[in-house]
Amino acid sequence: MAKGTDQVVGLGLVALSLIIFTYYTAWVILLPFIDSQHVIHKYFLPRAYAIAIPLAAGLLLLLFVGIFITYVMLRNQKDTKKAQ
Amino acid sequence: MTKLAQWLWGLALLGSAWAALTLGALGLELPLSCREVLWPLPAYLLVSAGCYALGTVGYRVATFHDCEDAARELQSQIQEARADLTRRGLRF
C-alpha cells in the first residue's frame with residue numbers, strides 16, 4: 001500500500017481520537033461547572049448518556065471480537081476436518 | 001509481586017477510593033458539581049485510555065518509516081529462493 005493512504009488513515013484516526021476526547025472531556029469534566037442556563041448545554045446530551053454510550057459501544061466491541069474469534073475457530077476446525 | 005498483581009492492587013485501591021467517595025461513606029459533603037464529575041470518572045478514564053490508544057496507533061501508522069527499496073529487494077530475493085527450491089524439488 002502506498003504511504004499516501006496510510007498517512008490519511010493514520011491522521012484520520014488521530015483526529016477522530018482527539019475529537020472524541022475533547023467532546024467527552026467537555027461533557028464529563030467541564031459541563032457540571034457551567035451554569036445550567038448557559039447555551040452550551042444545548043450541544044450535549046443528558047448526562048446519563050455519558051455512561052450509557054461508551055458502555056454500549058464497549059459491549060458491541062466485545063460482541064464483534066467474540067464473533068470474529070468464533071468465525072476463525074470454526075473455519076480452522078473445518079479445515080482440519082477436511083485435511084483428515 | 002507480579003505485574004498483574006500490581007495492576008489489580010492499584011485498580012482495587014482506586015476503585016475503593018472512588019466507591020467510598022461516591023457513596024458518601026466518608027461523610028464528606030462534596031459540592032454538587034464535584035459529585036457530578038466524580039461518578040462518571042471510571043468511564044471517563046476508560047474512554048480517554050481508549051482514545052489515547054487509538055490516537056497512538058493512528059500516529060504510528062501515519063509516521064511509519066516505509067523502505068520501498070528494501071521491500072522490493074526482499075520480494076525479488078523471495079522469488080529467487082522459491083525458484084531455487086522448486087528446482088531442487090521442494091513443492092510449495
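Values below: all heavy atoms of this structure, side chains included; hydrogens, waters and symmetry mates excluded. We name chains A, B, ... by the order of the sequence lines, and we start the count at 1 in each one. Fair warning: this is a prediction, and the values are worked out from it, not measured in the lab.
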_Counting only heavy atoms not in B:F64 (residues, nucleotides, ligands), do more than 12 fall under 6.0 Å from its CZ?_
no
*What residues of residues 46-54 of chain B sit under 4.5 Å from chain A when you count only heavy atoms?*
B:V47, B:S48, B:C51, B:L54
*If you link I, L, V, M, F, W and Y whenever their side-chain heavy atoms are under 4.5 Å apart, who else ends up in the same group as B:L8?*
B:L4
Taking [Y] as the starting point, is it possible to reach [X] by hopping between hydrophobic residues whose side chains are less than 4.5 Å apart?
X: A:L16; Y: A:V14; value: no
X: A:F21; Y: A:Y43; value: yes
X: A:Y24; Y: B:W39; value: no
X: A:Y23; Y: A:I40; value: yes

*Nearest heavy-atom neighbours spanning A:S17 and B:G55*: OG-CA, 3.4 Å
*Which heavy atom in A:P32 sits nearest to a heavy atom in B:V37, and how many Å separate them?*
CG-CG2, 3.7 Å
_Quick one, B:Y44 and A:I29 - any side-chain contact, counting heavy atoms below 4.5 Å?_
yes
Report, one line per pair, each donor and acceptor closer than 3.5 Å where one atom sits in a side chain of residues 44-72 of chain A; sequence neighbours left out.
unit_1, atom_1, unit_2, atom_2, d
A:R47, NE, B:E36, OE1, 3.1
A:R47, NH1, A:W27, O, 2.8
A:R47, NH2, A:V28, O, 3.0
A:R47, NH2, B:E36, O, 2.5
A:T70, OG1, A:G66, O, 2.6

*So how far is it from B:T56 OG1 to A:L13 CG, rounded to the nearest 0.5 Å?*
10.5 Å
*asked:* Considering only residues two or more places apart or on different chains, which pairs with a residue in residues 26-41 of chain A satisfy salt bridge (charged side-chain N to carboxylate O under 4.0 Å, His left out)?
replied: none
